[in-house]
Amino acid sequence: MVDLKRPIRVLVAKVGLDGHDRGAKIIATALRDAGMEVIYTGLRQTPEMVVNAALQEDVDAIGISILSGAHMTIFPKVMALLKEKGMNDVLLTGGGIIPEDDMQQLNQLGVGKLFAPGATTAEIAGYISGWVKEHRDF
């Protein structure tokens with residue numbers, strides 16, 4: 001964990017009709033265990049709900065768990081809303097069932113690293129910590 005003046009704040013979200021949240025809860029718990037403050041939005045959130053919650057909670061990062069196949073719609077929509085609200089210094093990351101080609105396209109749009117099944121919680125926490133240290137003003 002990176003030594004910062006306050007805990008990193010991460011919003012973990014499930015967007016759309018995807019009702020499987022075991023992985024999101026595991027990630028939320030692991031990030032909390034790594035010393036981060038975690039806000040879990042619960043199931044069936046809209047991109048607007050996620051970005052509004054991120055703004056209200058003053059988060060450093062948003063992690064979206066997506067297994068439904070709607071990643072090429074949801075991630076660009078969340079990115080556009082973040083830009084619209086001037087939240088250019090908030091990391092948008094996530095994971096789930098996302099083909100490698102789609103991950104690369106989303107990265108080109110400004111989405112951070114996306115994690116496939118099998119990624120370790122330490123890898124995810126380390127990525128978020130490193131990104132926040134480099135990009136956020138603590």
Answer with yes or no whether the hydrophobic clustering places [X] together with [Y]; edges join I, L, V, M, F, W, Y residues whose side-chain heavy atoms lie under 4.5 Å apart.
{"X": "V38", "Y": "V50", "result": "no"}
{"X": "L67", "Y": "I74", "result": "no"}
{"X": "V132", "Y": "V59", "result": "no"}
{"X": "L92", "Y": "Y40", "result": "no"}
{"X": "L81", "Y": "I64", "result": "yes"}

Closest heavy-atom contact between [X] and [Y]?
{"X": "L91", "Y": "Y127", "answer": "CD1-OH, 3.6 Å"}
{"X": "I8", "Y": "I128", "answer": "CG2-CG2, 4.2 Å"}
{"X": "N52", "Y": "K85", "answer": "OD1-CE, 3.2 Å"}
{"X": "T121", "Y": "A30", "answer": "CB-CB, 3.4 Å"}
{"X": "H71", "Y": "P76", "answer": "O-CD, 3.5 Å"}
{"X": "P47", "Y": "V15", "answer": "CD-CG1, 3.9 Å"}

Next on the checklist: Please check: side-chain N/O of N107 versus main-chain N/O of G112, any donor-acceptor pairing under 3.5 Å?
Outcome noted: yes
Checklist entry - Has the side chain of R9 got a donor or acceptor atom that lies under 3.5 Å from a matching backbone atom of E57? => result yes
Does any non-hydrogen side-chain atom of [Y] lie less than 4.5 Å from one of [X]?
{"X": "V51", "Y": "V78", "answer": "yes"}
{"X": "I62", "Y": "V10", "answer": "no"}
{"X": "R44", "Y": "D18", "answer": "no"}
{"X": "E48", "Y": "K77", "answer": "yes"}
{"X": "T41", "Y": "M49", "answer": "no"}
{"X": "K83", "Y": "M87", "answer": "no"}
{"X": "I97", "Y": "P117", "answer": "yes"}
{"X": "I27", "Y": "F115", "answer": "no"}

Salt bridge present between [X] and [Y] (N-O < 4.0 angstrom):
{"X": "E123", "Y": "K113", "value": "yes"}
{"X": "D60", "Y": "R6", "value": "yes"}
{"X": "R32", "Y": "E37", "value": "no"}

How many angstroms lie between [atom1] in [X] and [atom2] in [Y], if you round to the nearest 0.5 Å?
{"X": "L55", "Y": "L11", "atom1": "CG", "atom2": "CG", "value": "11.0 Å"}
{"X": "D33", "Y": "I26", "atom1": "CG", "atom2": "CD1", "value": "12.0 Å"}
{"X": "D102", "Y": "F75", "atom1": "CG", "atom2": "CZ", "value": "11.0 Å"}
{"X": "W131", "Y": "T93", "atom1": "CH2", "atom2": "OG1", "value": "10.0 Å"}
{"X": "L114", "Y": "E100", "atom1": "CG", "atom2": "CD", "value": "9.5 Å"}
{"X": "L31", "Y": "I39", "atom1": "CG", "atom2": "CD1", "value": "11.0 Å"}

Checklist entry - Just by distance, with hydrogens left out, do S65 and K14 show a side-chain donor and acceptor under 3.5 Å apart? => result yes
Next on the checklist: Using the rule given for side-chain contact (heavy atoms from CB on, under 4.5 Å), can you reason through S129 versus M36, listing the C-alpha separation, both sets of side-chain angles and the distance that settles it, and then say yes or no?
Outcome noted: CA-CA 9 Å; S129 294; M36 299 180 197; 3.3 Å; yes
Next on the checklist: Determine whether D89 and H135 satisfy the following criterion, side-chain contact (heavy atoms from CB on, under 4.5 Å), listing intermediate values before the conclusion.
Outcome noted: CA-CA 7 Å; D89 62 344; H135 294 93; 5.8 Å; no
